[in-house]
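One structure is given here, and the rest of the page talks about it.
A, B, ... follow the sequence lines: proteins, then strands. Residue 1 opens every chain.
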There are 2 protein chains.
Amino acid sequence: MIMSQRPPLTRERIIESALHLIDGQGLGRLTMRRLGDALEVEAMAIYHHLPHGKEQLLEQLIAYVAAHPVPPGAGDVRDRLRTWAGGYRDRLLQHIGVMPLIVTRRNPGALMATTQSVQDLLRTAGRTEAEAAIGAHTLLGYLLGTVALDAREQAAETAPDVDRDGRFQAGLDGILATIA
Amino acid sequence: MIMSQRPPLTRERIIESALHLIDGQGLGRLTMRRLGDALEVEAMAIYHHLPHGKEQLLEQLIAYVAAHPVPPGAGDVRDRLRTWAGGYRDRLLQHIGVMPLIVTRRNPGALMATTQSVQDLLRTAGRTEAEAAIGAHTLLGYLLGTVALDAREQAAETAPDVDRDGRFQAGLDGILATIA
DNA sequence: ACCTGAACACCGTTCAAGT
DNA sequence: ACCTGAACACCGTTCAAGT
């Protein structure tokens, strides 16, 4: 007799399931027990794949969402940064529930590769090391901060007819003009 | 015989005590029971002053830290915004433990008065309504985002000799040049 | 190696009771 | 009005045990 075989528990499946839970129900409803239910497993089974428990799970989630370096390529630097920034913003808005984690002290290196990739691109475009560092920091700060503001505004729904995408692009153009 | 009289429990004392606990030990260690201990009271007594419990307490903390409008005054608009931004940044860094709350969906109106005050100032300086809205959003986004990045960087301590204040000022000058 | 079941210390919150 | 004590449902995690 053939039994219904459950796919084996892996780190990837755990993280995907946790992200799905956060996107649907919010960070506050992510518990080890509920995550176990979603994976059709006892909560304690998760510890075999993530020995450091929930803290390690949250670190993995931050890394998954926040790691988004500028892809290699050619062309106008401002255009490349504009395209990349739009994609990163979409990703963060899609997984807005993890933003509080990204802003927390946990996994402090998670944004480093992303920031570094912007800095490298600015160096390539002829900026000094100091200018590139300031530019990357300015762009990343603007991106993270406006995503947080947009998410709050969206939740409030006070003025429903704000063109958030257009406003982001307008502010972005101003910043790109000064850093790139 | 004179008994040592404990000051009466008030909403203000509760919020101050909670902020002190977060600044010292982090958001994760703020529990109703520990807060009660700090106030020399049973945890359940807090509910008499904050009937909606911990959720209401967190909302109050967000309002306390995030409300920081540009003060009325005269003078060069860029100078006024530069001074205000530095003060707001210091305040956020001082209470960095509440940043995850500010970024969360809770109390979505908390940043509105602050953002509105920047928008009003830009209008006064002769910008159109749309320009003022974009400018205020850009400045607030930059400020919140870089505070989050700076806090993570500070926690990581990988490159200890970064001039974070100077970097913030440099990025700020670029933004002020385009919005004000 | 991989997962389970029972147990522990802790949490937010309710509710009846004290003063 | 203001605070307490006991209780409830839930949480992360440990550890010995099962297969």
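At a threshold of 4.0 angstrom between heavy atoms, the contacts of A:M32 are confined to the sugar-phosphate backbone, with no base atom among them. Among the atoms of the strands shown, none is found under 4.0 Å from any heavy atom of B:R29.
Checking B:D120 against B:Q116 by side-chain atom types alone, a donor-acceptor pair falls below 3.5 Å. Between the side chains of B:H137 and A:R167, at least one donor N or O sits under 3.5 Å from an acceptor N or O. At a cut-off of 3.5 Å, with distance as the only test, no side-chain donor of A:D150 or A:Q154 sits close to an acceptor on the other residue.
Not a single donor-acceptor pair under 3.5 Å links the side chain of A:R89 to the backbone N or O of A:T146.
We find that CZ of B:R34 is positioned 15 Å from P of C:dT13, with the value rounded to whole Å. What separates CG of B:L27 from C1' of C:dG12 is a distance of 15 Å, to the nearest Å. Whole-Å rounding puts the B:L9 CG to C:dT19 C1' distance at 17 Å. For the pair B:E42 CD and D:dC2 P, the interatomic distance rounds to 18 Å; values are reported in whole Å.
Taking only side-chain atoms of A:V41, from C-beta outward, the nucleotide of C:dT4, D:dC3, D:dG12 with the closest atom is C:dT4. For A:A45, the side-chain atoms get nearest to C:dT4 when compared with the rest of D:dC2, C:dT4, C:dG12. The side chain of A:M44 lies closest to C:dA7 when the candidates are D:dT4, C:dA7, C:dG12.
When both distances must be under 3.5 Å, the Watson-Crick or G-U wobble mate of C:dC10 does not exist. Nucleotide D:dA16 has C:dT4 as its partner under the Watson-Crick or G-U criteria, with both atom distances under 3.5 Å.
The phosphate of D:dC3 has OP1 or OP2 within less than 4.0 Å of a side-chain N or O from B:H49.
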